Every structure is written in C-alpha cells, then in structure tokens.
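Structure, as structure tokens:
These figures come from a predicted structure and were not determined experimentally. Residue numbers count from 1 along this sequence.
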Amino acid sequence: MNRAATLPGDPPGGRRAIAVWSIGVSVYFVAVIFRTSLGVAGLDAAERFHVGASALSTFSILQLLVYAGMQIPVGLLVDRLGTKKVLTIGVLLFTAGQLGFAFSASYGMALASRALLGCGDAMTFISVLRLGTRWFPARRGPLVAQLAGLAGMAGNLVSTLVIARLLHGVGWTAAFAGSAAAGVLVLVLLLLFLKDHPEGHHPEPFPHRGSAYVRRQIAAAWREPGTRLGLWVHFTTQFPAMVFLLLWGMPFLVQAQGLTRATAGELLTLVVLSNMGAGLIYGQIVARHHTARLPLALGTVAATALAWATVLVYPGAHAPMGLLVVLCVVLGFCGPASMLGFDFARPANPPERQGTASGITNMGGFVASMTTLLAIGILLDATGDNYRIAFAAVFVLQAAGLSQIFRLRKQAARRERERLVASRVETVHVPA
C-alpha cells in the first residue's frame, strides 16, 4: 500500500478492527434506543405523570442538557482514560437510568432517571469515534463515522418499532425494564472483547494531567476554526430531526395532522430509514470528495427549511400525506449531515486532541435540539397547541447556525490546506 493511501502510523484496519469497533458501536446502538424511547412514549408520559407540553419537553431538555454539558468532559476523559473505561461507565449509567425510568412513580423521579440516562449516553458516541480513529486508517474516517451514525439510527428504529409495541402491549414498566436488559448484554461484550487500540499502535504517553493541561487542551481545540465550523455544522443540521424523533414528532403528527398513532409511527420509521440510507450515501461521497462536505451540509439545511415551511404554511387543517412523507424523508438527511461536522474537526486536530475536539463539535446539535425542544413546548402552551407557530422556532435556529458557518468557512478551509501541506511535507521526509 502506498504512502498516499496510508500515512505513517496509520492503524491497519481489517477484520479485527471491524470486530472490535462493532462492539463499541453496539454500545452506542443501545444508548440510542434508550435515548429515543421517550419519543414513542411522549403521550403516555404526559398521561402517566399528568403534565403539559412544557413539563413534557423538560424530560428531553434535561436529558440533552446533561448530554451537551458532558461532551467536553467526556472528550477529555476519552483522551485520558481510553475508550473501554469510558464506555463501561457510560453503559452502567444509561442502563441504571432506563431502569429508574421504568419504575418511576413520580415526575421528579422520572426526571432524575432521564438525567442519569443522558449522562451515560453522553459517553458513547465520542468514545466510538475515538475507537474508529484508533483502529482504522485516516482515509476511512468519514465512512466509519457515518456508519457509526447509521448504527445509532438503527437504535432509533428499534425504539420506533419495538419499544412502541412493547409499551402498548405489556405496559410502561415492563417495556422500559425489559429494554434495560440490552444494556447488560453490551456491558458483558464490552468487558470481554473490546480493546482500545491494535497491537503496536499504542497512543503517546499522556502528559501532565492537571487543570492547566485540561484548559490548554480545550483552548487549543477551540482555536482551530475547523473545530468551531464543525460545531456549527452539527448545530445547524442535526436538531430538526432530533426534535422530531426525540419528542415532538408523534404529538405533531397525531394532534396537529390528525393521524393515528400507527400511521404516525410509520412516518417516524420513515425518518429513520431515510437517515440510514443517507448515511451510506454521504459517507461514500465525502470519502471520495472531501470538498463536498460543506455543499452537502448547506443543501441539507436548505431542503429541511423548505420542507418544514411547505408543511407549516399549507392551507387547510392538515397537510396531505405525500407532503408529510417528503418532510420525513428530508428529515432523515439531517443526521448524516450533522456527522459532517466531525469531518471538519477531525483534520483540524492532532490525535491526542481528537476526543476533546469531537466533544466540542458534538455539543452543537444537542444545544440546538435542547433549545428548540424548550421553545416548542413554551410556544405550544402559550398558543393553545398551535404547532404552526411553535415549529417556526426551527427557522430561527437554522438562521443562527448558518450565519456562523458562513463566517468560519473560509478561515477553516485555509487552515486545513496549511495543515495538509505540512502533513505531506512530513510524510515525504519520513525515513524509509
């Protein structure tokens, strides 16, 4: 294999890498099942805990607040402790959170359980990204990241198809407690088979571990315009689908569009299936054409805004089914587009800072999702469940994100070119 294909020090990849990485991905898969299980149980939760729209949105907001707030600490932990230890802590936390939610008898206990779940969930995705960089060559980075996101959407699909049926078949406690068994299973696999890196590819010894070093890590990652551009790409692209799947999609389709829960569930499934297909497409495109990252992200934002605007301004009480199908297909592209944010942050930072940079990037979409969840809940209560006004919050967040993307794009591109030239010079001068 020539040097253009594999840089010095690149991991070898191969079947062993796929097997080990798959274990990490399975942890993320289960975490997403638990994270999105509330999306199909929103109406049931409102009845169980006797709460309105604002209080209901607090479940997801708190979960995302914890998730977003944990991203930088988790990134630092991954850089310091390695993937296996952080994933182990994550599994223990999100499994305990899912069990607590199953047996919650009060709104307060349920909130605490979702916060615990969010804390464990926060430790999964960045760990899986780091695992991919440790086991696969750098050129595989975009595709590996998209495949990890694809596995997450498969978890969302399980929530939509399986958890929803269990919920209405065996009841709240049995459905959520039964699903927690998946956490125990991946914990066993993780402890027995996962390794942080292949033989001969040990990371550099960790330097000084004091607070000054932590501040330097965060500051150095933030100074890179690619990290900040990655954050804003993630911010602008992810949240429309996240908000729809995590909480407000089912109420919008049932209460505002007059659909049955079964039909609404099928449309939520369509979002997930679209996401999975788009992830494969985006991953292949970016792996072959690195310059396609920003056009893909901006195109996804434009298509999402157009689809939402068309549905919300459509005359009459309900939008036609065909239009709702188009909306759900377009929303499916938001997740893969958000993964492009990591493709800006990854080349902007050295290996020892990848976890920290990924944590900063991953905060973007979850901060946007948390803000939109809260805004929609408040607007629904204030307007007597007027979904057209409430969902207009989507456009405000998109505009804010786009302004930052356009501000940073040239600076990030220039800096990335400089790093690429420096890397090639270093590669040429590596002794044979």
Side-chain angles (χ1 to χ4, degrees), residues 9 11 17 20-32 35 66-94 118-136 138 140-141 144-145 147-149 151-152 186-187 189-191 193-198 201-211 213-222 224 226-227 230-231 234 339 341-366:
V20 174
W21 177 77
S22 296
I23 296 171
V25 168
S26 69
V27 175
Y28 177 56
F29 170 78
V30 173
V32 174
R35 178 202 304 170
V66 172
Y67 188 105
M70 287 287 293
Q71 289 310 292
I72 293 178
V74 168
L76 291 165
L77 281 175
V78 171
D79 287 338
R80 176 175 175 174
L81 301 179
T83 300
K84 185 169 185 174
K85 291 180 181 178
V86 176
L87 279 179
T88 300
I89 297 170
V91 173
L92 291 172
L93 290 175
F94 69 60
C119 187
D121 182 18
M123 298 184 175
T124 58
F125 187 63
I126 294 175
S127 298
V128 172
L129 287 180
R130 176 59 177 261
L131 195 66
T133 63
R134 288 296 185 191
W135 280 90
F136 293 96
R140 300 294 187 193
V144 169
L147 289 174
V186 294
L187 178 62
L189 293 174
L190 167 65
L191 293 175
F193 301 113
L194 191 135
K195 295 190 69 173
D196 283 345
H197 48 76
H201 290 268
H202 298 269
E204 293 296 323
F206 199 89
H208 179 61
R209 301 184 180 187
S211 59
Y213 175 79
V214 170
R215 290 194 297 270
R216 287 197 300 270
Q217 279 282 88
I218 297 171
W222 182 255
E224 291 292 344
T227 305
L231 179 147
H234 199 269
M339 298 298 298
F342 298 101
D343 293 325
F344 289 102
R346 188 184 304 110
N349 292 273
E352 66 272 13
R353 214 165 57 218
Q354 288 293 322
T356 304
S358 295
I360 293 172
T361 300
N362 207 29
M363 285 179 63
F366 290 93

Sequence-distant partners of [X], side-chain contact (heavy atoms from CB on, under 4.5 Å), two or more places apart:
X: Pro350; result: Glu352, Arg353, Arg419
X: Ala151; result: Val25
X: Ile72; result: Leu76, Ile218, Ile360, Met363
X: Val86; result: Val74, Leu77, Val78, Leu81, Met123, Ser127

Distance-minimising heavy-atom pair for Ala348 and Gly226: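 Looks like CB-CA, 4.0 Å.
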Could I get the full list of side chain to side chain donor-acceptor pair (under 3.5 Å) partners for [X], not counting sequence neighbours?
X: Glu224; answer: Arg415
X: Thr227; answer: Asn349
X: Ser358; answer: none

Looking at [Y], is its backbone amide N or carbonyl O close enough to the side chain of [X] to form a donor-acceptor pair, meaning the two atoms are under 3.5 Å apart?
X: Asp196; Y: Lys84; value: yes
X: His234; Y: Gly341; value: no
X: Trp135; Y: Arg130; value: no

message: Once ring pair (Phe, Tyr, Trp, His ring centres under 6.0 Å) is applied, do any residues pair with Phe94, and if so which ones, sequence neighbours excluded?
response: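 Scan of Phe94 (ring pair (Phe, Tyr, Trp, His ring centres under 6.0 Å), adjacent residues dropped) gives Phe34.
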query: In chain order, what residues pass the ring pair (Phe, Tyr, Trp, His ring centres under 6.0 Å) check against Tyr28, with sequence neighbours excluded?
result: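 Residues passing ring pair (Phe, Tyr, Trp, His ring centres under 6.0 Å) with Tyr28: Phe125.
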message: Among residues at least two apart in sequence or on other chains, which ones pass salt bridge (charged side-chain N to carboxylate O under 4.0 Å, His left out) with Lys85?
response: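 Not a single residue meets the salt bridge (charged side-chain N to carboxylate O under 4.0 Å, His left out) criterion with Lys85.
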